[in-house]
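To start, the structure itself, in structure tokens.
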Amino acid sequence: MRKLQSQGVHHITLVGADRKTSIDFWEGVLGMPFIFEQPNLDRASESHLYFDPGDGRLITIFTDENRKPVPERTPTDIGCVHHIAFAVSRVTFLQAVARLDERGIRHSGVKDRGFMDSIYFEDPLGLLIELASYRFEPPHGHTHADVLMEAHKVRVARGDYNIAEIHLADAIEALVEGSRATLSSDRTPKDPYTKS
């Protein structure tokens, strides 16, 4: 047997209500450009709307003008989607509460996740949406996943409960040390301010 190796999320498709609700939420609230539309090629009564979530990938919505929004929380049974998280910049995250409040959208407020901050709210159809903002930038040549994997190793080795900022900082230092050469024979921390 061989794996079917994935190389990223291609797209996520959601079942929507009418076209306007989808455009007003995905573009009008979350700022995702509405980039194209075509019929659902498997069901002629539906349209297929495509949005760019900011990284060139796709969020797509099946819409039907005969469907009306049902704002109750979507199922969280086994196999169902619990929520979808979208990355936002720190400056956007710091304004998210006020921007949700000005629309009257109920939300969780800021949640501390150790390695990121999150805010949760439901879309007009009851799907839980998370706005997530990392607390760190990965070193050049590395990804957020690289830092999180290294931070996990640091956390586990220390017996800590969850990833915290100290694990991230130490992980970033380890990744830089492991991927960047130096002419120094000793890379250990120093205190140049100590007088001997």
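Heavy atoms only: backbone and side chains are in, while hydrogens, waters and symmetry mates are out.
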Taking [Y]'s backbone N and O only, do any of them form a donor-acceptor pair with [X]'s side chain (distance below 3.5 Å, no angle check)?
| X | Y | value |
| --- | --- | --- |
| Glu27 | Phe34 | yes |
| Asp77 | Cys80 | no |
| Arg67 | Gly16 | yes |
| Arg187 | Glu177 | yes |
| Asp160 | Asn162 | no |

Hydrophobic clustering (ILVMFWY, side-chain heavy atoms < 4.5 Å, transitive) - are [Y] and [X] grouped together?
| X | Y | result |
| --- | --- | --- |
| Val110 | Phe121 | yes |
| Leu131 | Leu125 | no |
| Met32 | Phe62 | no |
| Ile129 | Ile105 | yes |
| Val9 | Leu127 | yes |

Would you say [X] has more than 12 foreign heavy atoms packed within less than 6.0 Å of its [atom1]?
| X | atom1 | value |
| --- | --- | --- |
| Arg43 | CZ | no |
| Ile166 | CD1 | no |
| Arg106 | CZ | no |

Please determine, by modelled atom types, if Asp101 and His107 share a side-chain donor-acceptor pair under 3.5 angstrom.
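The answer is yes; a qualifying pair exists.
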Donor + acceptor pair across side chains of Thr188, Lys190 (<3.5 Å):
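Short answer, yes.
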Can you see which heavy atom on [X] is nearest to which on [Y], and at what distance?
| X | Y | answer |
| --- | --- | --- |
| Ser179 | His142 | OG-NE2, 3.3 Å |
| Thr74 | Val81 | OG1-O, 4.5 Å |
| Pro124 | Thr21 | CB-CG2, 3.9 Å |
| Ile84 | Ile12 | CD1-CG2, 4.1 Å |
| Val147 | Pro139 | CG2-CD, 3.8 Å |
| Ala174 | Glu150 | CB-OE2, 3.9 Å |

How many angstroms lie between atom [atom1] of [X] and atom [atom2] of [Y], to the nearest 0.5 angstrom?
| X | Y | atom1 | atom2 | value |
| --- | --- | --- | --- | --- |
| Phe93 | Arg99 | CZ | CZ | 13.0 Å |
| Lys111 | Asp117 | NZ | CG | 12.0 Å |
| Arg73 | His82 | CZ | NE2 | 5.0 Å |
| Ser22 | Leu14 | OG | CG | 8.5 Å |
| His48 | Thr13 | NE2 | OG1 | 4.0 Å |
| Leu30 | Phe51 | CG | CZ | 10.0 Å |

- Would Asp112 and Arg135 count as a side chain to side chain contact (heavy atoms under 4.5 Å, CB included) if you check the C-alpha gap in whole Å, the side-chain angles of each, and the deciding distance to 0.1 Å? CA-CA 10 Å; Asp112 176 348; Arg135 293 182 176 176; 3.0 Å; yes
Walk me through whether Asp170 and Arg158 qualify under side chain to side chain contact (heavy atoms under 4.5 Å, CB included).
CA-CA 12 Å; Asp170 291 350; Arg158 293 176 185 168; 2.6 Å; yes
Hey, does [Y] have a side-chain heavy atom less than 4.5 Å from the side chain of [X]?
| X | Y | value |
| --- | --- | --- |
| Ile59 | Phe86 | yes |
| Phe36 | Thr60 | no |
| Pro69 | Asp18 | yes |

Start with the C-alpha distance between Gln38 and Tyr50, add both sets of side-chain angles, then the distance that settles side chain to side chain contact (heavy atoms under 4.5 Å, CB included), and finish with yes or no. CA-CA 9 Å; Gln38 65 181 24; Tyr50 291 74; 3.8 Å; yes
Parallel, tilted or perpendicular, as decided by the 30° and 60° cut-offs, for the rings of Tyr134 and His144
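It falls in the parallel class, under 30°.
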Tell me, with the steps shown, if Asp64 and Asn40 meet side chain to side chain contact (heavy atoms under 4.5 Å, CB included).
-> CA-CA 10 Å; Asp64 185 322; Asn40 176 353; over 6 Å; no
